[in-house]
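This report concerns only the one structure given below.
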Amino acid sequence: MRGPDKVIQTVSWKNGRVMLIDQTALPERLSYVELTDWREVAQSIRTMVVRGAPAIGCTAALGIALAARGIIAQNRETFTKRIAQIADTFRAARPTAVNLFWAIDRMMNVIEKTDGNVVDIKDALITEALELLGEDIESNRAMGRHGAALLKDGDSVLTHCNAGALATVGYGTALGVIRSAVEDGKHIQVYADETRPRFQGMKLTAWELQQDNIPVTIIADSMAASLMKDSKIDAVIVGADRIARNGDTANKIGTYNVAVIAHYHQIPFYVAAPFSTIDPSLPTGRQIPIEERESVEMTHVEGIRIAPEGVSVLNPAFDVTPAELITAIITERGVVMPPFDEALEKMRAPATVEA
Ligand code: MRU
């Protein structure tokens, strides 16, 4: 395992700039973009230079803090109006991951809560954004500790897409659970679905696990059922972009397929996600907005057309796995078992101190 000095930090703030690992360059090259204009930050979310639900939330928070520094306003009202417009641009960047909206709301609440002048608000926004980044890593580590207990020494775990350090500020959710189990001395073998159409599993999950010397084997999405039939998979762990109150979970397209085949083969299917991924406003997954991305992601690979010219294309970026296919949801507050609505509600409520 890499030491604490070598952790992958996907999103950071350095000398007044937003620093992001350029995920479109991986695995060929580990490179960073340094952004000084909030518009570039919003564009990096749209074009998936940065991706993964917690990572885009934290990036938007830094983007708002960066934008705030550049606003010249004589009073709070003018400042707040401008920042609200900028926040709307970030909200429009990607629709499915609720962490994006959650992080933006937290930033906007800071403005309301901060007394004082515009300079005080600007400082408070930076502080809040950095706090969000710190909390993300902390909650991933806590999730890792809770989830690691579900894995046994020698397990083979299938994951879909990338819910790792690259999808968060650092450490990861689903891959954080695997990292934590490995830190406990367990031998874990990971199977990474390639994750068509953007190959986050093959490009990002495989790269990131290799950095930590965690054994990883890539498979085409179509191979998972056959591996399960041959008893090669002991558990599935995936991340989430939005979880409804009843536990229905939106995650990368193809996650639902994996959940169905895991259920058929009686293999536990775990979702690892922070509480910021739970959307208490949605009773079920039917209300989760699903992003539809450009058809070029389907028709081309690395810029080369592989589909016939003019063919009709569907490209939803996410699907919704019904709660009944989910064995447990691993959060930073503990592992939640079905029925999820009651259990999530109980865990969300602040702890009451007995008199
Ligand atoms: O389109 P992406 O790459 O942003 O989708 C990412 C996923 O679906 C992840 O599994 C999810 O955001 C969880 S990340 C901890």
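As a basis for the values below, the full set of heavy atoms in this structure was taken, side chains included, without hydrogen atoms, waters or symmetry mates. Counting starts at 1 for both ligands and their atoms, in listed order.
Partners of Lys203 according to the salt bridge (Lys or Arg N to Asp or Glu O under 4.0 Å) rule, which considers only residues two or more places apart in sequence or in another chain, are Glu302.
Counting only N and O atoms by type, the side chains of Gln23 and Arg51 include a donor and acceptor under 3.5 Å apart.
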List below, pair by pair, the N or O atoms of ligand 1 and of the protein that are less than 3.5 Å apart, including the distance to 0.1 Å; reply 'none' if no pair qualifies.
from	atom 1	to	atom 2	distance (Å)
ligand 1	1 (O)	Arg94	NH1	3.4
ligand 1	1 (O)	Arg94	NH2	2.8
ligand 1	1 (O)	Lys252	NZ	2.7
ligand 1	3 (O)	Arg51	NE	2.9
ligand 1	3 (O)	Arg51	NH2	3.3
ligand 1	3 (O)	Gln200	NE2	2.9
ligand 1	4 (O)	Gly52	N	3.0
ligand 1	4 (O)	Arg94	NH1	2.8
ligand 1	8 (O)	Asp241	OD1	2.9
ligand 1	8 (O)	Asn251	OD1	3.1
ligand 1	8 (O)	Lys252	N	3.2
ligand 1	10 (O)	Asn251	OD1	2.6
ligand 1	12 (O)	Ala53	N	2.9
ligand 1	12 (O)	Asp241	OD1	3.2
ligand 1	12 (O)	Asp241	OD2	3.0

Kindly determine whether Thr96 and Asp241 satisfy side-chain hydrogen bond (donor to acceptor under 3.5 Å, both in side chains), including the steps that lead there. CA-CA 6 Å; Thr96 303; Asp241 285 84; over 6 Å; no

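Using a 4.0 Å cut-off between a side-chain N of Lys or Arg and a carboxylate O of Asp or Glu, Glu291 and Arg293 qualify as a salt bridge.
No donor-acceptor pair under 3.5 Å is formed between the side chain of Asn315 and the backbone N or O of Ser295.
Cation-pi geometry between Lys232 and Tyr191 is not met at under 6.0 angstrom from the ring centre and within 45 degrees of the axis.
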